[in-house]
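In what follows, every chain begins at residue 1, and chains take the letters A, B, ... in the order their sequences are listed.
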Amino acid sequence: MISVEIWSTLAIVAPVVGALVSLLGGRRSILAGMTLGAAGSLASAAGLYLTVRVNGVARHALGGWGRPLGIELYVDGLSVVFVALAAVVGTAVGVYASIYFGEAASSGDYSTPGARGARYFAPLSLFLWAGLNGVFLSGDLFNLYVMLEIVGLSAAALVTLAVTAKATQAGMRYLFVSLSGSMLFLLGIAILYLVHGTLSLEQLAQARPSGLASASALALMTAGLAAKTALFPLHAWLPPAHAAAPAPASAILSALVVKSAFYVVVRLWLFVFGLTLPGADAQGALVLMGTLGAGAIVWGSVMALRQVSLKRLIAYSTVAQLGYLFVMFPLLTQPSADAGSGAWSVDAWSGGMYHALCHGLAKAAMFLAAGNMTYAVADDAIESISGVARRLPMSLLAFGLGGLSLAGVPPSGGFLAKWLLLGAALEAGRWIWAVVIAVGGLLTLAYVLMVAREAFDAPEDPGDFRAVPRRMEWAALALAVVAVLLGLRGVEIIELLQIGGVGPWR
Amino acid sequence: MSTLVWALDVSVAVLLVALVARAMLTRDLLEAVVLFIAVGLTLSLAWVRLGAPDVALAEAALGAGVTGALFLNAFQRLARTGPGASDAGPDYVIDRGSGSGCGVLRVATVGAAGVLAVTLMTILVGIPLRDAMLAQEVRTSLEQTGVSNPVTGVLLGFRAYDTLFEVCALVVAMVAVWSLDRGNRNFARDPKELREDPVLETLTRLVAPVAGVLAVYLVWSGSSGPGGAFQAAALLAGVGVLLTASGLMRPITSGAPAVRVLGTMGLALFVCVGVGLMPWTGSFLAYPEGWGYAITLVLEGVLTLSIAVILLELFIDVPAAPEVDPRLATVDPTGDPLGRTLTLDGALIRSPEEDE
Amino acid sequence: MTAVLSVLLLTAGAFFFFAGTVGLLRFPDFYCRLHALTKADNLGMGMLVAGLILQPMAWATRLQLVLTWFLVLVAAATVCHLLARSALRQGLEPWLGDSGEGR
Amino acid sequence: MSSEIAYVIAGAAVFVAGLVGTMGRTHLFWKILGVNFMGSGIFLILIAAAPRLPGEGADPVPQAMVLTGIVVAAASSALALGMALRVVVRSGGPFLSEDAPGPPAERTEPEVDSPGPRT
């Protein structure tokens, strides 16, 4: 019987080894490295899923030391969901990138500005992947910091792979946000260590941190992570960075990287600090997060509607959709008759996390599809994509399916997520959150249709299309289809999300 | 006596704050960079006073030394880049920006910073003193790691996983810098001119062997006393910088297979050891009973070499930004992966970079 | 006896460091300041090391102290030379008494 | 007031100074310096404030954390400096476009060719 030790090690090690292999140089080693990383991640996601389904929460004491002395990997349903998301998105993007950069790689001339992407996309994205899996599996505060740094460094480098001045500026800004966010996070870690004398998440959770010092540590960490995850109003860095990056990099950034910081927020708020537990009395903080999330939904959607550039529109859509993840927080506790303590809302929890999952898949699909369209027409303006409906039906389908899933059109995965959130809001009689959720969905539909309408227009000058390789279209479509299909097979994932140490199961 | 020591500590602390404040407020970049190095050295004094000699070594060698050298090198590149660099003197190295006409804003910023600082201090000073539980645990279990320096024990034993990814972060930074475009890599001066510098050359010939021995000693003694792979690597990288600057060694190139192999070797070996022993130990990065010391020593040796190469590589490649690359003006604004000039309808379309 | 000598040397070393620092702050031009910094401080350093060696300690530690002094000496001399030459090449005129120009 | 508290207070001040520098200065190099100082402040706090065993040096766990932090900071500074120099080369100044000082200067992009028709 292969144990959790093997699978969790595989999730961390496979991308690192893949990155090292891909650094050897040459197209074959890049392909081999990507394959290794993707295969390892997919296998480990499946293995961890089975382990957690059968045995529940699993731990891997690295080096055999165990907490508090050593570092532990901690695997519950939530970790598995995110590792699986990273595996699926990473694999699809890897396939896409091998074609996208493929021409440059096969020409063997790495000296052209853009061809650097051909050589360095694979190692950087694989290191990023390792960092992401490390974040999702980590059970140790300081280890989270190290992993987030790896994610931040490689993500910023991915943005600057598009060598334009715009991209360099955006990457630089992103690096600063990432580094200063990390510093705030690290200060929070320092304070928590000084107060509680341990770095293990589980031990901290048992200590039930409270009091001024711990609260300020949480505030500092949340501020740093909010900057990293581009929570409104700290989102200004995201649209330029995600719009200027090469298309496969944009997909990874929007789908996975911002989620990693969000994941840490969830771990801290719900798991370590247990802010939704009876008696935590943190409704104010939860509502504040929800309010920022609501602001993100409205502001991001309105800004998306006003964009003239396709990739910027999608980037603003990311800002908006991240808002839903934070709107989840106030809905997690249902107000009950006896004031102070609230009951845990399974619907809100499942809905929020399900949304993270679906958004990851759908947004990656949309960015890849947008990459195909801009590649075909050699322009990023929305008005220039007219006619892609005829030329690139598969890409447009991928974009549309992804967009509809985000908008929450049944039977997509996004629909299920929004339905659960809406249900939680209505059940608790908090109609204002319900309105925000519904309005956000309508706005999403509006900007997706705006792009689709342009795509169906007849092109002014037919014949100006570059041929888009088939596999690039298939990669986008595959992700979009998975995003929709998630709406049909929600039960397993929602059950999986209940396994673990968050909320009342602690 | 204890009052004197106390006065020393307080003056070091005050000096630190003064240096940092000055570095953040000055408009002269060279001054700020030199102050950064001074802060690093003062910090290592503070580390010694706080009973953390390992950190002091690392701070002096890495924080002040290598990072400082990196800043200086980048500064020099910047100074030679500005529009006025050739005739009217330095341009980008004096920050004239952001000041004029917003005095109210500046006062508000300083006030807010003061409030923030005082709040932070109050919170930190208010933390009640607890038992040193984890330090106690480290002391109890240190024997099992095979080393007797508790810091090395934590770094390569208990928390080896963090150290693995710390090395990984260095490799990521190196690869990321590779992925930036590079132009002229002769960072300092003309190689011909370099050879005519007998003083620097003599210094290098004198210091390099001593530093090499010292690096080996640091790795060796790291298991029982202060020292270890990172400090030794910073020292070796310093030797590399000297060798390169004095013209005794050609700048290493990122394309060279040797650099790639050496730079990634440490990480690769770390992963291999971690995974390779799993069949016997059952968990990642666990070492079999009694093998801790040997494995740690070998690992530290290879890591030292690897990290030294990475640091030297960063030192040389970071400032190697090319002069404006004319090809950049022809890059497709939509992020064409090839960065080539586009051909649509047989017509060349060259889109100069636009700003928003 | 050695204790007294040690203290005397240490005091003298501290004095030279102090003098070097005063020179750094008060001397009129770059070259003079460089001179104060490297020459006076090197002498001070030597005296400090000599004074410390006379204190009771292991021979290995004494050796380390001498080695440190030697390295600092060589490095300071080289750096002084490099800085002065670089300044001269950039056209920085030395100060030549009160009537001289070039400050 | 013991020595450790002096260092803790200095650490807090250094952190805030670095934060203000990172946020307030527009020049990229000062921003990078600021991030480094933020880190140094945290390291001081961590080692100075952690309780220690009688008769021993600082708590080894924070020492190891700080060592890791110093290395990570060096790596991030290297990447940040490299990127900053590319920003200088590509967009004419060590500033991010929104906070470039003064009125936007005339851009002197080398025009390789006259801009072609855009679709």
Side-chain angles (χ1 to χ4, degrees), chain A residues 5 9 13 16-17 20 23 25 60-65 68-71 100-101 103-104 112-118 120 123-124 127 130 134 142-143 146-147 149-150 153-154 157 160-166 191 194-195 197-198 212-213 216 244-247 374-375 378-380 463-464, chain B residues 119 123-124 126-128 130-134 137-138 141 157-162 165-166 168-169 171-173 175-176 178-181 257 260 264 267-268 271 274-275 278 281-287 325 327-328 331-340 342 344-345 349 353-356:
Chain A
E5 274 84 6
T9 308
V13 164
V16 174
V17 174
L20 290 175
L23 274 175
H60 176 184
L62 295 162
W65 301 111
L69 211 46
I71 300 171
Y100 186 82
F101 294 117
E103 205 174 319
T112 57
R116 271 185 294 277
Y120 293 113
L124 285 173
F127 278 130
F142 189 72
N143 183 241
V146 176
M147 293 301 184
E149 283 292 76
I150 288 183
L153 290 181
S154 42
T160 45
L161 273 186
V163 289
T164 58
K166 243 189 265 180
I191 294 177
L194 294 177
V195 176
T198 181
L212 177 66
S216 49
T374 55
Y375 183 89
D379 199 344
D380 190 32
D464 270 5
Chain B
T119 315
I123 290 170
L124 288 170
I127 294 175
R130 55 168 173 77
D131 294 337
M133 314 168 265
L134 209 49
E137 293 236 17
V138 169
S141 318
F158 307 131
R159 299 184 70 87
Y161 183 62
D162 271 351
F165 276 92
E166 165 190 2
C168 185
V171 175
V172 169
V175 175
W178 284 347
S179 80
L180 303 168
D181 48 343
R260 283 175 187 255
T264 51
L267 180 59
V271 170
V275 176
M278 278 182 78
T281 58
S283 53
F284 186 47
L285 288 172
Y287 312 137
D325 185 346
R327 283 175 304 192
L328 283 181
V331 170
D332 180 351
T334 59
D336 175 68
L338 302 181
R340 64 202 158 183
L342 298 174
L344 302 183
D345 268 358
I349 296 183
E353 232 342 276
E354 288 163 320
D355 230 55
E356 285 166 76

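Using a 4.5 Å cut-off between heavy atoms, Leu180(B) touches chain A through backbone and side chain atoms alike. Of the atoms belonging to Ala213(A), heavy atoms from both backbone and side chain fall under 4.5 Å from chain B. Interface remark: Ser179(B) contributes backbone and side-chain atoms alike to the contact with chain A (heavy atom separation under 4.5 Å). Contacts between Ser154(A) and chain B at a heavy-atom distance below 4.5 Å involve backbone atoms as well as side-chain atoms. Both the backbone and the side chain of Val138(B) come within contact range of chain A, with heavy atoms under 4.5 Å apart. Both the backbone and the side chain of Glu137(B) come within contact range of chain A, with heavy atoms under 4.5 Å apart. Of the atoms belonging to Val271(B), it is side-chain heavy atoms, and not backbone ones, that fall under 4.5 Å from chain A. For Val195(A), the parts lying near chain B are the backbone and the side chain together; criterion is any non-hydrogen pair under 4.5 Å. Within the 4.5 angstrom heavy-atom criterion, atoms from both the backbone and the side chain of Leu194(A) approach chain B. Heavy atoms closer than 4.5 Å to chain B are found in both the backbone and the side chain of Pro68(A). Residue contact with chain A, scored on non-hydrogen atoms closer than 4.5 Å, involves the backbone and the side chain of Ala169(B) alike. Of the two parts of Arg130(B), only the side chain, counted from C-beta on, holds a non-hydrogen atom closer than 4.5 Å to a non-hydrogen atom of chain A.
Pairing each heavy atom of Arg260(B) with each of Leu23(A), the nearest pair is NH1-O, 3.2 Å. The two residues His60(A) and Ser283(B) have their closest heavy-atom pair at NE2-CB, 3.4 Å. The two residues Leu69(A) and Arg159(B) have their closest heavy-atom pair at O-CG, 4.0 Å. Summarising the geometry of Glu5(A) relative to Met278(B), their closest heavy-atom pair is O-CE, 3.9 Å, with the distance given to 0.1 Å.
Partners of Ala132(B) according to the side chain to side chain contact (heavy atoms under 4.5 Å, CB included) rule, which considers only residues two or more places apart in sequence or in another chain, are Ala135(B), Pro51(D), Leu53(D).
Here Cys168(B) contributes atom SG and Met147(A) contributes atom CE; the two are 8.0 Å apart, rounded to the nearest 0.5 Å.
Side-chain contact between Phe165(B) and Val16(A) is present, with at least one heavy-atom pair separated by less than 4.5 Å. You'll find the side chain of Ile123(B) reaches within 4.5 Å of the side chain of Leu212(A), heavy atoms only.
If you tally non-hydrogen atom pairs under 4.5 Å between each of Leu153(A), Leu62(A), Val17(A), Val13(A) and chain B, the highest count goes to Leu62(A). The candidate with the highest count of non-hydrogen atom pairs below 4.5 Å against chain B, out of Thr160(A), Thr198(A), Thr9(A), is Thr9(A).
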Walk me through it: do Val175(B) and Leu124(A) pass the test side-chain contact (heavy atoms from CB on, under 4.5 Å)? CA-CA 7 Å; Val175(B) 175; Leu124(A) 285 173; 4.0 Å; yes
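Ring-plane geometry between Trp178(B) and Tyr120(A) is classed as tilted, the angle between the planes lying from 30 to 60 degrees on a 0 to 90 degree scale.
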